[in-house]
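Heads up: the structure comes next, in structure tokens.
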Amino acid sequence: MSLPNSQPRRLPLRRLPATRWSRQSPTWGEASPALIGAAVKRALARPSGNWYVFAASAEVRPDRPFGRMVAGTEIVAWRDGEGRLHAAPGACPHLGAPLCRGAVDSGRLVCRWHGLALGPDGFPGWEPYPAYDDGTLAWVRLDRAGGEEPLPRPVLPERPAPATTLTAVESLAGRCEPEDVVANRLDPWHGSWFHPYSFVGLRVTETASGSGPDPDRMVAEVAFKVAGRWGVPVRAAFSCPEPRTVAMHIIEGEGEGSVVETHATPLGVRDGVPSTAVIEAIVASSERPGFALAARAAPVVRPLMRAAARRLWRDDLSYAERRYALRTSGRWPG
């Protein structure tokens with residue numbers, strides 16, 4: 001599949017070749033286990049500064065606390081009177097009540113059990129964690145869990161200017177480790193085979209070599225299906241800014257400059273099996289005049305964007321969970 005030399009105002013839809021799923025070109029020969037494994041290894045070696053995505057920014061509201069397990073650590077997040085994000089241990093230092101079930105009053109957490117009010121200044125035995133809101137996602141820094149040299153802020157992928165974007169965030173969880181999610185995203189060859197309802201004619205044109213200015217970059221040409229045999233062809237680049245994030249940037253075609261960020265956050269271990277949250281942020285951008293209308297219709301468009309991401313990740317989590325099961329039992333062929 002080659003990308004048309006289209007102008008921004010031309011209709012982006014293209015009629016796709018009529019190819020039966022079983023007759024498309026096999027990709028197993030290109031999807032080298034060694035190549036994918038090396039890309040995963042390089043990604044995992046990158047520094048994170050102990051930062052973890054734990055929610056969409058919009059999920060942490062000013063009127064209530066938000067709770068989540070991150071890397072086996074119970075956290076609570078809230079916003080103060082000026083909307084600033086804060087995060088801290090999720091158990092009340094008095095008798096261990098779940099602070100996520102408390103309340104927020106005047107920018108402070110109020111424990112529902114006995115009324116202890118807690119703020120960003122801390123309390124004996126209760127010290128808040130560094131938190132960061134990038135406008136789309138909420139992050140927390142857990143130095144004890146991460147064990148790395150701390151960084152003052154998360155390592156973020158490049159995004160288009162916020163004034164020209166439409167964002168949506170979807171979260172799911174699977175029984176695997178973050179590296180299994182990263183490995184799934186660093187195997188773009190499975191796209192047309194595993195997700196025929198979304199992708200057609202995927203072809204990887206550039207693979208990660210471990211050298212050069214961006215040693216993790218992979219580039220693929222693919223058409224996103226819209227309806228029937230109609231789709232939108234693009235060229236996308238995959239890269240890893242930090243060990244638990246894979247970013248897919250649209251570098252040519254409709255939506256150039258848009259990015260899909262896949263963040264893999266360890267939650268904890270239950271019954272001996274780890275659980276990982278996939279928190280995917282779609283940051284869409286376009287120069288088309290109609291995109292401004294879509295942005296204004298965000299309350300309608302966002303659920304559709306989230307539904308598409310959820311459908312893909314229901315499949316991809318089965319890939320990640322299968323990889324984890326084989327890898328931890330010594331049966332992984334890679």
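Excluded from the calculations below are hydrogen atoms, water molecules and symmetry mates; all remaining heavy atoms, backbone and side chain alike, are included. Numbers here are sequence positions counted from 1. What you are looking at is a predicted structure, and each value in this text was computed from that prediction instead of being measured.
- Aromatic ring pairs are classed by plane angle as parallel below 30°, tilted from 30° to 60° and perpendicular above 60°; the pair Phe66 and Phe54 is tilted.
- In terms of modelled atom types and a separation under 3.5 Å, the side chain of Ser57 and the main chain of Thr136 share a donor-acceptor contact.
- Close placement of the Trp193 and Trp21 rings is indicated, their centers lying within 6.0 Å of each other.
- Between the Ser329 side chain and the Ala325 main chain, a donor and an acceptor come within less than 3.5 Å of each other.
- For the residue pair Gly257 and Pro160, the shortest heavy atom distance occurs at O-CD, 3.4 Å.
- Within a 6.0 Å sphere centred on CZ of Arg101, heavy atoms belonging to other residues, nucleotides or ligands number 12 at most.
- Looking only at distances, a side-chain donor or acceptor of Glu321 sits under 3.5 Å from a matching main-chain atom of Arg175.
- Residues Cys92 and Leu116 approach most closely at SG-CD2, 3.8 Å, considering heavy atoms.
- Ion pairing between Arg235 and Glu221 holds under the 4.0 Å rule for side-chain N and carboxylate O.
- Note: the hydrophobic cluster containing Val110 does not contain Val76 (ILVMFWY, side chain heavy atoms under 4.5 Å, direct or indirect links).
- Put simply, the side chain of Ser275 never gets that close to the backbone of Val269: no donor and acceptor are under 3.5 Å apart.
- Using a 4.5 Å heavy-atom cutoff, the side chains of Pro47 and Glu242 are not in contact.
- Note that CD1 of Ile36 is 4.0 Å distant from CG of Asp187, once rounded to the nearest 0.5 Å.
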Q. Does the pair Glu74 and Arg68 meet the rule for a side-chain contact (heavy atoms from CB on, under 4.5 Å), with working shown?
A. CA-CA 6 Å; Glu74 182 185 12; Arg68 168 151 275 178; over 6 Å; no

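- Considering every non-hydrogen atom in both Arg79 and Pro62, the closest pair reads CB-CA, 4.2 Å.
- Trp51 places none of its side-chain heavy atoms less than 4.5 Å from the side chain of Pro150.
- When ring centroids are compared, His263 and Trp139 come within the 6.0 Å threshold.
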Q: Please test Thr167 against Arg302 for side-chain contact (heavy atoms from CB on, under 4.5 Å), starting from the C-alpha separation and ending with a verdict.
A: CA-CA 7 Å; Thr167 63; Arg302 279 198 182 101; 3.9 Å; yes

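- Side-chain contact between Arg203 and Trp189: absent, with no pair of heavy atoms (C-beta onward) separated by less than 4.5 Å.
- Seen from the ring of Tyr132, Arg141 does not count as a face-on cation partner, given the 6.0 Å and 45° thresholds.
- A distance of 6.0 Å separates CG of Leu109 from CG of Leu99, quoted to the nearest 0.5 Å.
- Hydrophobic cluster membership is shared by Ile282 and Phe199, with clusters built from Ile, Leu, Val, Met, Phe, Trp and Tyr side chains linked at under 4.5 angstrom.
- A pairwise comparison of heavy atoms in Trp78 and Pro120 identifies CZ2-N, 3.9 Å as the closest pair.
- In this structure, Arg217 CZ and Ser239 OG are separated by 8.0 Å, a value rounded to the nearest 0.5 Å.
- Placement of Met69 and Leu142 in two distinct hydrophobic clusters is found when ILVMFWY residues are connected by side-chain heavy-atom separations under 4.5 Å, directly or transitively.
- Glu280 contributes atom CD, which lies 9.0 Å from atom CD of Glu170 (distance to the nearest 0.5 angstrom).
- For the pair Arg153 and Pro130, the minimum side-chain heavy-atom distance is 4.5 Å or more.
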(Q) Quick one, Ser48 with Arg244, criterion side-chain hydrogen bond (donor to acceptor under 3.5 Å, both in side chains). Give me CA distance, side-chain angles, the key distance, then yes/no. (A) CA-CA 8 Å; Ser48 72; Arg244 290 180 289 273; 3.1 Å; yes

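- Annotation for Glu148: atom CD counts as buried by contact number, over 12 foreign heavy atoms lying within 6.0 Å.
- Trp126 places a side-chain N or O within 3.5 Å of a backbone atom of Pro89 that can act as its donor or acceptor partner.
- Salt-bridge formation is detected for the pair Arg159/Asp134: a Lys NZ or Arg NE/NH1/NH2 atom is positioned less than 4.0 Å from an Asp or Glu carboxylate oxygen.
- In the hydrophobic clustering of this structure, Phe123 does not group with Tyr129; members are Ile, Leu, Val, Met, Phe, Trp, Tyr whose side-chain heavy atoms approach within less than 4.5 Å, directly or through other members.
- Remark: side-chain polar atoms of Thr27 are not paired, donor with acceptor, to backbone N or O of Glu30 under 3.5 angstrom.
- Listed here is the closest heavy atom pair of Val182 and Pro243: CG2-O, 3.6 Å.
- Annotation: salt bridge (Lys or Arg N to Asp or Glu O under 4.0 Å) contacts of Asp180 (sequence neighbours excluded): Arg323, Arg327.
- The shortest distance between side-chain heavy atoms of Val278 and Ser171 does not fall below 4.5 Å.
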Q | CA sep, side-chain torsions, deciding dist, call: Leu137, Val169, side-chain contact (heavy atoms from CB on, under 4.5 Å) | A | CA-CA 8 Å; Leu137 299 168; Val169 180; 3.9 Å; yes

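- The backbone N or O of Gly255 sits less than 3.5 Å from a side-chain atom of Ser258, completing a donor-acceptor pair.
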Q | Chi angles and distances behind the side-chain contact (heavy atoms from CB on, under 4.5 Å) call for Asn50, Leu151 | A | CA-CA 7 Å; Asn50 304 324; Leu151 293 176; over 6 Å; no

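- The closest side-chain heavy-atom distance from Ile250 to Val259 is not below 4.5 Å.
- Around atom CZ of Arg331, more than 12 heavy atoms belonging to other residues, nucleotides or ligands sit under 6.0 Å away.
- Between Tyr319 and Phe194, the two ring planes are tilted [angle within 30° to 60°].
- Once rounded to the nearest 0.5 Å, the distance linking NE2 of His86 with CG of Asp133 reads 11.0 Å.
- Side-chain contact between Val273 and Tyr324 is present, with heavy atoms from C-beta onward closer than 4.5 Å.
- Put simply, the side chain of Thr245 does not reach to within 4.5 Å of the side chain of Thr262, judged on heavy atoms.
- Heavy atoms only, all atoms of each residue included: Leu202 and Gly191 are closest at CD1-CA, 4.2 Å.
- Here the OH-CD1 distance, from Tyr52 to Ile279, works out to 13.0 Å after rounding to the nearest 0.5 Å.
- In this structure, Met248 is a member of the same hydrophobic cluster as Leu35, with clusters built from ILVMFWY side-chain heavy atoms closer than 4.5 Å.
- In this structure, Thr276 contributes its side chain and Gly174 its backbone to no donor-acceptor pair below 3.5 Å.
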